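For clarity, every value in this text was computed on a predicted model and none was experimentally measured. Below, read A as the first sequence line, B as the second, and so on, with proteins coming before strands; counting in each chain starts at 1.
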Amino acid sequence: MLKILLILSSLAQAAHWTDHALRLTGESLAVRNNAIRALKAIPNLDAELQAAFQTRQKYLALDVISALARQNLLPFLSTTLTTDESGATTLAVQSLLSEGTRERIVSIFRDGVASNGPPASRMVMWDTLGRLAVAVEQTQVLQALRDDSFEVRDAALYYTRLLARASKQTRWLVPLREALSLDPFQLRLRAIHAIHDLPASLKIEGRKLLELCRKDKVYLVREACK
Amino acid sequence: MKFPLLLGIAILGTCLMWWLLRPSALPPPLELQPRFSSPVVSALDQKGACRDAYEALYHDRRLQMVVVFGYKDARPSRFVGDRYERAAVAYHLASRCPKDYHACGFTRDPADGDLFRKQIRGPDGVARWVELKLIHASSGPDDDENRKDSYQQWMSRHAEGEFLRALQSADVVLYDGHSRDGGGPDFTFPRLRADGEPHYWWYTTHKPGLKKMSEALESTDTPPKLVGLFSCVSTGLFGKALASRGKPIARVTSAELLYYADALTNLLGTVSSLAGMWCEETFQNAISAGAKQKKTRLEGFFPRASPK
């Protein structure tokens with residue numbers, strides 16, 4: 001019996017890290033926990049994960065970094081954010097948030113939203129700053145609302161909604177007002193819903209903004225504006 | 001005489017440099033690009049079943065392709081990923097096309113963030129427009145927050161409505177999302193059990209998304225010419241439902257669990273295949289990401305054995 005267990009154990013260790021990584025998603029909690037245990041037992045895993053960044057296994061490597069909370073890889077990950085076209089690396093950085101890493105990650109993301117980095121990466125950064133209720137300069141939010149990328153504009157609005165709800169400050173009505181004149185129409189829709197969801201203390205001010213969308217050229221926007 | 005000539009060359013050179021260096025003209029990231037066999041075999045080079053399939057697909061001057069991401073929660077974790085996956089696909093579609101690749105070179109409509117267009121040469125050599133709608137279902141990346149967000153209700157209704165309407169009128173419909181263990185395509189936050197896991201028993205019993213999909217396909221005279229379901233085990237769970245008035249619809253489905261990045265690659269492989277009019281073997285290779293065996297399969301699109 002012991003022999004069989006030893007053989008099974010060595011077989012599990014012999015499996016490639018990607019085999020275990022595939023079991024981190026879409027499986028039961030027990031399967032996921034077994035996969036995490038097996039991954040932790042792999043020697044030189046960090047080197048393998050970093051090497052995978054040059055291959056199609058990059059997404060699996062990012063899943064492993066998140067699942068194992070490999071905070072020691074944060075410096076490596078942060079150097080790759082400028083080429084993170086899918087936003088997946090930025091998400092992995094975000095998944096490493098803890099008391100110990102918060103300051104560093106917030107600083108990286110504050111710099112990132114002001115950069116010309118890939119849109120999906122900046123989108124994740126705005127979302128994360130919003131979730132953490134980290135206030136950035138209003139001018140920066142307004143600038144993001146005029147970004148070339150729809151995704152960045154959308155994320156800046158999502159951020160504004162979260163900050164308005166968390167801080168209850170009237171200054172967050174300024175980006176919402178600005179967004180009611182933006183194209184494409186999906187941005188105006190998001191802004192209207194953010195106004196509908198404002199906290200009670202901002203409701204009256206918010207309702208005044210809705211006057212700006214009553215005659216919108218898009219029917220869907222007019223409907224939401226009611 | 002020399003000065004205008006030099007000025008012209010300078011202007012042309014500047015334009016060329018601008019076109020080559022503009023940010024949106026970067027090639028698509030390799031990591032999501034499908035692999036495809038070289039040389040690529042397309043309907044422009046072949047007659048027979050391959051050409052026939054694309055002549056039917058490009059019968060009109062405009063091909064309507066609708067890509068809908070379902071609500072991709074990761075319960076029991078709060079993370080929801082479809083908004084980010086759509087962002088990655090949008091970036092990919094708007095990037096500059098490398099040789100032989102076609103899920104790229106699209107232009108986004110400035111007034112509609114979901115709409116992308118691209119002009120291609122049809123199987124008869126005449127220009128066609130590919131209109132691609134790219135829809136997603138979640139308002140944000142946090143399931144708890146989405147449940148408090150009025151925009152989420154709008155997004156869910158919109159995504160489901162676009163999906164069902166597309167099943168009745170678009171040429172190609174591609175879904176990338178959860179299968180909900182047979183419950184069907186889903187565009188809203190999941191029903192949860194007390195332990196925070198999705199309520200799979202409820203989905204398996206009621207099959208809400210599957211019923212709506214079947215009803216939409218059964219009630220139309222103009223079903224899609226191809227439906228792709230990039231969701232786990234979609235071949236077994238939904239394959240039989242991909243029919244309209246008793247006639248099966250050409251489909252791309254997955255026989256097994258599907259890793260999210262492979263689903264994205266296979267989806268882009270399908271878009272590239274259709275826009276590039278790739279013949280069967282090239283098409284099949286382009287939708288086989290991450291597979292030792294070809295677990296994502298194309299069926300019924302090429303009516304007869306087509307040239308390899």
Side-chain angles (χ1 to χ4, degrees), chain A residues 18 21-22 25-29 53 55-60 62-63 83-88 90-91 94-95 116 118-121 123-124 127-128 130-131 148-155 157-158 161-162 165 183-187 189-197 217-218 220 223-224, chain B residues 22-24 26 28-33 35 74 76-79 81 83-92 94-95 108-115 135 139-142 145 148-155 158 178-179 195-197 232-233 256-262 264-265 289-290:
Chain A
T18 53
L22 279 168
T25 49
E27 299 276 10
S28 70
L29 198 58
F53 265 63
T55 72
R56 286 174 181 269
Q57 313 298 347
K58 175 181 166 180
Y59 293 95
L60 282 173
L62 290 168
D63 282 353
T83 55
D84 181 25
E85 285 100 350
S86 67
T90 318
L91 272 173
Q94 178 241 216
S95 75
N116 280 328
S121 172
M123 187 182 191
V124 176
D127 289 352
T128 308
R131 187 162 63 84
D148 284 345
S149 158
F150 165 78
E151 276 70 29
V152 171
R153 282 177 275 160
D154 184 69
L157 260 180
Y158 182 74
R161 175 186 179 275
L162 291 175
R165 283 169 64 85
D183 268 334
F185 75 88
Q186 286 91 345
L187 296 172
L189 266 178
R190 188 187 274 283
I192 290 166
H193 283 282
I195 292 167
H196 287 318
D197 293 347
K217 58 192 171 193
V218 176
L220 291 171
E223 277 297 294
Chain B
R22 71 200 159 112
S24 60
L26 293 169
L30 278 175
E31 58 209 30
L32 288 178
Q33 238 186 75
R35 288 194 185 98
S77 149
R78 284 163 61 171
F79 179 69
R83 183 161 152 269
Y84 296 139
E85 292 185 25
R86 170 203 142 111
V89 170
Y91 185 85
H92 199 101
S95 57
R108 200 172 201 167
D109 189 314
D112 183 348
D114 295 342
L115 187 58
I135 315 275
S139 168
D142 179 347
E145 189 59 41
K148 296 179 267 181
D149 186 343
S150 65
Y151 190 46
Q152 180 56 61
Q153 293 164 28
W154 188 89
M155 289 291 288
H158 176 66
H178 284 312
S179 288
D195 62 0
E197 290 276 355
C232 290
V233 206
E256 293 172 27
L257 294 178
L258 193 54
Y259 184 58
Y260 84 99
D262 293 340
L264 286 175
T265 298

Checklist outcome for this item: Interatomic distance, CG@D197(A) vs OH@Y151(B), rounded to 0.5 Å, equals 12.0 Å
Item to check | Straight-line distance of S139(B) OG to D154(A) CG, nearest 0.5 Å | outcome: 8.0 Å
Item to check | Main-chain N/O of A87(B) paired with E151(A) side-chain donor or acceptor, under 3.5 Å | outcome: no
Item to check | Side chain to side chain, Q94(A) and F79(B), heavy atoms closer than 4.5 Å | outcome: no
Next on the checklist: Taking side chain as everything from C-beta outward and backbone as N, CA, C, O, which of these in A90(B) sits under 4.5 Å from a heavy atom of chain A? Side chain, backbone, both or neither.
Outcome noted: side chain
Item to check | Candidate pair Y260(B) and D63(A), rule side-chain hydrogen bond (donor to acceptor under 3.5 Å, both in side chains), full reasoning | outcome: CA-CA 11 Å; Y260(B) 84 99; D63(A) 282 353; 4.7 Å; no
Item to check | Contacting region of R161(A) [heavy-atom separation from chain B under 4.5 Å] | outcome: side chain
Next on the checklist: Under a 3.5 Å distance rule, please check whether R56(A) uses its side chain to pair with a backbone N or O of Q33(B) as donor and acceptor.
Outcome noted: yes
Checklist entry - Is a donor on one side and an acceptor on the other found under 3.5 Å between the side chain of Y259(B) and the backbone of Y59(A)? => result yes
Checklist entry - Could you give the distance from CG (L32(B)) to NZ (K58(A)), rounded to the nearest 0.5 Å? => result 8.5 Å
Checklist entry - Which bit of R83(B) is near chain A, if near means a heavy-atom gap under 4.5 Å: side chain, backbone, both or neither? => result both
Item to check | Per-residue contact mode, L162(A) against chain B (heavy atom under 4.5 angstrom) | outcome: side chain
Item to check | Inter-residue atom distance D183(A).CG - D109(B).CG, 0.5 Å rounding | outcome: 9.0 Å
Checklist entry - Any side-chain heavy atom of Y158(A) sitting closer than 4.5 Å to one from P141(B)? => result yes
Checklist entry - Non-hydrogen atoms of chain A under 4.5 Å away: do they reach the side chain of S77(B), the backbone, both or neither? => result neither
Item to check | Stepwise side-chain contact (heavy atoms from CB on, under 4.5 Å) check, Q186(A) with H158(B) | outcome: CA-CA 11 Å; Q186(A) 286 91 345; H158(B) 176 66; 5.6 Å; no
Next on the checklist: So for S86(A), is it side chain, backbone, both, or neither that comes closer than 4.5 Å to the heavy atoms of chain B?
Outcome noted: both
Checklist entry - P110(B) versus chain A, heavy atoms under 4.5 Å apart: side chain, backbone, both or neither? => result backbone
